[in-house]
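The structure appears right after this line, and notes come after that.
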Amino acid sequence: MTPRLSHLQALEAESIHILREVAAEFQRPVMLYSIGKDSSVMLRLAQKAFHPAPIPFPLLHVDTGYKFSEMITFRDEYTAQLGLRLIVHRNEEALANGTNPAALGTQRCCGLLKTQSLLNALRAGGFDAAFGGARRDEEKSRAKERIYSFRDSQGQWDPKNQRPELWNLFNSRVGPQESIRVFPLSNWTEMDVWHYIHVERIPIVPLYFAAERLMLVRGDSLIPIEQPFVKPMPGEKPQLVRCRMRSLGCSPCTGAIRSDAATVPEIIQELISFRRSERENRIIDHDQEGSMEIKKREGYF
Amino acid sequence: MPPLIAILADDPGLDPDHTVADRNGSPGQYDAVSAAWLHDETSKELLRFTTAGSVDDGKSTLIGRLLYDSRAVFEDQLQSVAKASSTRGNGTLDLSLLTDGLRAEREQGITIDVAYRYFATAKRKFIIADTPGHEQYTRNMATGASTADLAIILIDARHGVLPQSRRHAYISRLLGIEHLVVAVNKMDLVGFDEGVFRAIEDEFKAFLDSIGQPAAYFLPISALTGDNVVATSGATPWFRGQSLLEHLETVDVSRTSTSAAFRLPVQMVIRPHQDFRGFAGQIASGSIRPGDEVLALPSGRRSRVASISTFDGELAEAFAPMSIALTLADEIDISRGDMLVSIENPPHVAHSFEADLVWMSEAPLDLARPLLLKQTTQTVKARVEAVLAVVDLNAITIQAEAVPAEARPATLGLNAIGRVRIAGAKPLVFDPYRRNRGTGSFILIDPATNATVAAGMIGNALSQPAAHGQVTAAERVARHAHRGAVVAIGENPAVEQLLERKLFNHGCNVVVLDETVPEAVLTQLVNAAFLVLVRREPTDPLPDGAVEAAQSLYQQLEDTNVFTLAGIGTQGEGI
Ligand SMILES: Nc1nc2c(ncn2[C@@H]2O[C@H](COP(=O)(O)OP(=O)(O)O)[C@@H](O)[C@H]2O)c(=O)[nH]1
């Protein structure tokens with residue numbers, strides 16, 4: 001009998017291949033580390049890809065300044081524990097000018113604190129390849145995204161000028177100033193990510209697990225209150241709600257979901273019965289029809 | 001890498017002190033039902049398939065139905081589809097809208113190529129490479145098919161087999177897909193008539209036979225109403241086969257890659273300290289155990305596998321497509337681009353080979369331009385030396401011998417498929433694509449634009465170190481792409497030089513001899529597939545002028561069908 005890999009093992013092998021290819025063919029790769037579950041999986045895959053050597057590139061966290069404080073604690077503890085090189089980049093200038101989603105709207109805020117900040121950080125580091133944890137099943141516009149996604153010298157994505165990808169043969173040629181974003185988890189689904197976290201015992205931020213948390217309840221939305229500019233509307237009062245985060249972003253723009261799932265298997269079970277896409281709770285994607293597509297063209301992931 | 005389920009019981013305890021480590025659930029933390037469920041879930045296999053059909057054959061509807069019925073569609077996505085369906089005012093849910101992303105892009109003029117979709121059933125996980133059926137279909141289908149185990153070809157029951165259907169089957173065959181499903185769709189519109197289905201089945205089977213495609217699975221479906229998609233339908237009592245989904249869940253796609261000879265293209269050398277040198281890569285085929293003897297190519301050095309190293313510990317065996325690192329018993333010089341292979345059945349090592357190309361660039365192939373060739377983990381400078389044949393995708397015929405010179409290809413345009421001869425600046429280690437997808441595939445990159453301009457599937461090596469026994473006449477003809485011949489060229493150094501140069505540049509096995517050469521020697525040379533230019537008066541007088549004379553002699557060779565493959569002579573290119 002010919003042995004076969006399970007789907008998770010097959011995905012793992014594919015991702016490791018991608019990580020090694022980039023490390024071998026690019027001068028200065030970097031891994032974008034968002035502290036979320038996908039980043040955690042990607043990080044584990046990188047540990048596997050280069051074992052027993054250390055991961056041969058640094059991590060980069062684009063810190064908007066509005067991430068949940070639990071995320072930052074987790075980031076600092078975990079990367080220190082693994083002995084990783086971590087670069088944290090913040091658009092201090094924009095923050096000093098009072099950039100926040102309440103003042104500028106989510107689009108402009110993301111533009112300054114995420115997109116612009118990321119491009120600045122990549123330029124400052126001279127990175128020619130940046131790993132990201134995005135998956136194709138996340139959002140309609142990602143379904144056709146390449147594993148190697150090309151960016152011009154301005155860091156922008158030209159949808160008309162992407163290269164065909166066949167087999168596992170990736171074209172890694174870039175011109176001066178050009179770069180690629182690489183998505184080693186392209187073929188993973190949300191379920192795969194949770195399974196992998198489960199079987200591999202990968203640590204994740206506790207915000208993913210259900211707990212009593214103070215929230216503003218606005219219609220169907222649960223809005224975390226960590227930032228002073230997130231204020232109750234007339235008649236609203238912060239309430240303790242048993243809830244968790246399905247995806248992690250900036251606290252003012254990431255809604256929580258009501259949930260009792262306090263362990264990974266419980267989250268998996270919840271996922272099976274829970275039929276809403278994970279990005280639904282992200283306020284940013286709903287700004288505008290096709291908003292992800294627009295952000296991507298500008299240089300966002 | 002131990003089976004994943006084993007890790008469940010055996011906690012590697014990466015960070016016992018971390019606050020969240022205990023949240024990942026030890027076996028005692030969830031009930032037996034979910035433990036069993038998780039077990040099934042983690043041992044599921046992955047099936048990758050691609051879908052092809054002409055516009056409006058119902059591909060989007062079919063994919064939408066598979067996603068919907070396997071509950072891969074989220075409620076919020078469904079709500080937006082319901083909203084859109086009702087604005088279209090047809091009451092029923094339009095499942096094709098679930099994969100609507102591409103439609104919007106088409107309108108914006110954005111390159112539409114392959115979209116990947118994911119769903120799972122209780123038995124398997126699926127990745128669909130969804131390729132649009134219209135413009136650019138060759139490039140897109142080839143891309144989608146390159147990683148697929150299976151292809152579904154949709155045929156509209158009302159229209160029957162179309163040229164497009166044949167093209168789709170041809171491309172999936174070319175890309176080496178072993179499992180084909182032919183879904184005759186819209187059966188509801190022909191009253192689920194068995195006759196319609198059988199007629200299409202018979203016609204298409206005959207075609208598949210003619211292109212050497214192994215057996216295909218034919219079934220009648222209605223993507224719109226769901227007949228035979230997930231469950232078998234009462235509307236087709238005459239059909240005894242499995243539904244589409246049952247077939248996808250059970251078809252045996254264990255590729256020969258695991259049983260084939262061992263191949264590990266080395267991606268990188270992992271060297272954390274003096275005492276460890278791991279040759280890291282993804283196994284392209286076969287399996288390996290510590291103690292096995294391996295050959296490093298192209299150097300030809302031998303050694304034994306000391307260990308199979310992974311993050312999860314050393315393994316007793318590794319097989320395709322695992323990503324691992326090998327350590328060897330001997331210190332031999334191996335770097336990225338080299339290949340570790342089994343001693344038995346070694347691959348070819350050659351500079352040049354024949355290959356089928358799918359041309360993917362707007363700018364046509366230019367033989368004069370140097371290209372980069374990426375195969376396994378190495379990238380070398382390469383040139384396409386000649387276009388030997390072009391596939392006529394309208395008729396699905398391959399131009400063979402005896403094609404008039406003016407009809408022979410000099411180039412390949414966007415979406416063309418052709419057989420070419422390629423030479424690399426360094427020897428490549430490969431197997432024919434038919435036998436090994438991982439080591440027989442390559443891409444061509446234009447170094448001027450960095451664009452990926454072609455996908456290639458290697459046919460035969462043109463210098464085969466592996467062949468044994470006496471060299472046959474057929475082998476010689478195959479290598480040189482011409483038969484032997486004697487040409488009387490007269491005593492004219494200018495003509496001689498022009499003709500010899502032209503033939504030589506085309507890769508011909510050409511030699512110039514004096515008139516005094518004995519006839520017996522000529523015969524032997526001709527039998528050995530030489531083109532012998534003899535300094536002897538031709539029977540018919542040659543035109544005046546060296547160029548005209550050389551051209552006329554060249555024409556003679558063409559007219560007598562000396563060249564066994566089209567395209568050796570490049571029309572329009574004077575001597
Ligand atoms: N009656 C009927 N109509 C179908 C069937 N499958 C698809 N259609 C319709 O055919 C049209 C084209 O289908 P679509 O899925 O968009 O085709 P695509 O261009 O191949 O993706 C739509 O109006 C569908 O509703 C079928 O099995 N029966």
Side-chain angles (χ1 to χ4, degrees), chain A residues 2-10 13 16-17 20-21 23-24 47-54 81 136-137 140-141 143-144 159-160 162-169 171 173-175 187 189 191 195 197-204 206 209 262-266 268-269 275-277 280, chain B residues 1 4 7-8 11-12 14-15 18-21 23-25 29-30 34 38 41-46 74-77 101 110-111 113-118 125 127 139 143 146-147 254 258-259 267-268 270 272 276 280 282 310-311 319 321-323 336 360 374 441 443 445 450-452 455:
Chain A
T2 50
R4 286 265 288 165
L5 294 182
S6 75
H7 78 277
L8 269 189
Q9 291 170 315
I16 291 176
H17 171 84
R20 287 171 171 173
E21 245 348 68
Q47 287 179 284
K48 292 197 176 199
F50 308 106
H51 174 86
Q81 188 194 330
R136 286 180 181 138
D137 84 322
K140 231 193 243 183
S141 78
K144 52 162 195 334
K160 293 186 187 168
Q162 298 291 318
R163 302 167 184 176
E165 272 175 359
L166 294 102
W167 301 288
N168 59 0
L169 296 172
N171 175 347
R173 306 265 307 175
V174 290
N187 285 324
T189 63
M191 186 67 97
H195 272 139
I197 287 171
H198 176 63
V199 297
E200 292 281 327
R201 316 257 159 176
I202 297 171
I204 50 171
F209 299 110
T263 64
V264 174
E266 282 167 6
I268 292 173
Q269 268 179 330
R275 307 305 307 165
R276 300 177 92 79
S277 63
E280 196 195 31
Chain B
M1 184 166 8
L4 285 167
I7 304 170
L8 269 176
D11 188 343
L14 183 81
D15 59 341
H18 199 273
T19 48
V20 294
R23 303 290 200 121
N24 290 52
Q29 267 179 284
Y30 49 95
S34 69
L38 273 170
E41 194 63 17
T42 38
S43 54
K44 275 182 194 173
E45 284 184 352
L46 188 62
F74 293 118
E75 273 168 33
D76 49 318
Q77 294 168 335
I110 293 173
T111 320
D113 30 45
V114 189
Y116 294 87
R117 325 222 173 251
Y118 305 82
K125 291 255 178 182
I127 301 180
R139 169 171 113 167
T143 304
S146 73
T147 51
S254 51
T258 22
S259 55
Q267 277 186 288
M268 55 169 25
I270 295 176
F276 187 94
Q282 184 171 21
T310 76
F311 179 85
F319 51 88
M322 285 180 176
S323 284
R336 177 175 166 85
M360 300 185 150
K374 184 170 185 187
S441 53
I443 56 171
I445 299 165
N450 288 337
T452 301

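Just so it is clear, the values below take in all heavy atoms, side chains as well, and ignore hydrogens, waters and symmetry mates. Here is how names work: the chains are called A, B, and so on, in the same order as the sequence lines, proteins then strands, and each is numbered from 1.
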How far apart are the closest heavy atoms of [X] and [Y], and which atoms are they?
X	Y	answer
A:Arg20	B:Met268	O-CE, 3.8 Å
A:Ile16	B:Ser323	CG2-CB, 3.6 Å
A:Glu165	B:Thr143	O-CG2, 3.0 Å
B:Thr452	A:Arg163	OG1-CB, 3.9 Å
A:Arg136	B:Tyr118	CD-OH, 3.3 Å
A:Leu169	B:Lys374	CD1-O, 3.8 Å

Part of [X] within contact of chain A (heavy atom distance under 4.5 Å):
X	value
B:Ile270	side chain
B:Ala451	backbone
B:Phe276	side chain

Please determine which of A:Asn187, A:Thr189, A:Leu8 meets the side-chain contact (heavy atoms from CB on, under 4.5 Å) test together with B:Lys125.
A:Thr189

Name the region of A:Ala24, side chain, backbone, both or neither, that has any atom closer than 4.5 Å to a heavy atom of chain B.
both

Of the backbone (N, CA, C, O) and the side chain (C-beta and beyond), which part of A:Ala23 lies under 4.5 Å from a heavy atom of chain B, both, or neither?
both

When A:Pro52, A:Ala10, A:Pro164 are compared by non-hydrogen pairs under 4.5 Å with chain B, the top option:
A:Pro52

What distance do B:Glu45 atom CD and A:Ser6 atom OG have between them, rounded to the nearest 0.5 Å?
9.0 Å

I need the A:Asp137 CG to B:Arg117 CZ distance, nearest 0.5 Å.
11.5 Å

For chain A, the option from B:Gln282, B:Gln267, B:Arg336 that forms the most heavy-atom pairs under 4.5 Å:
B:Gln267

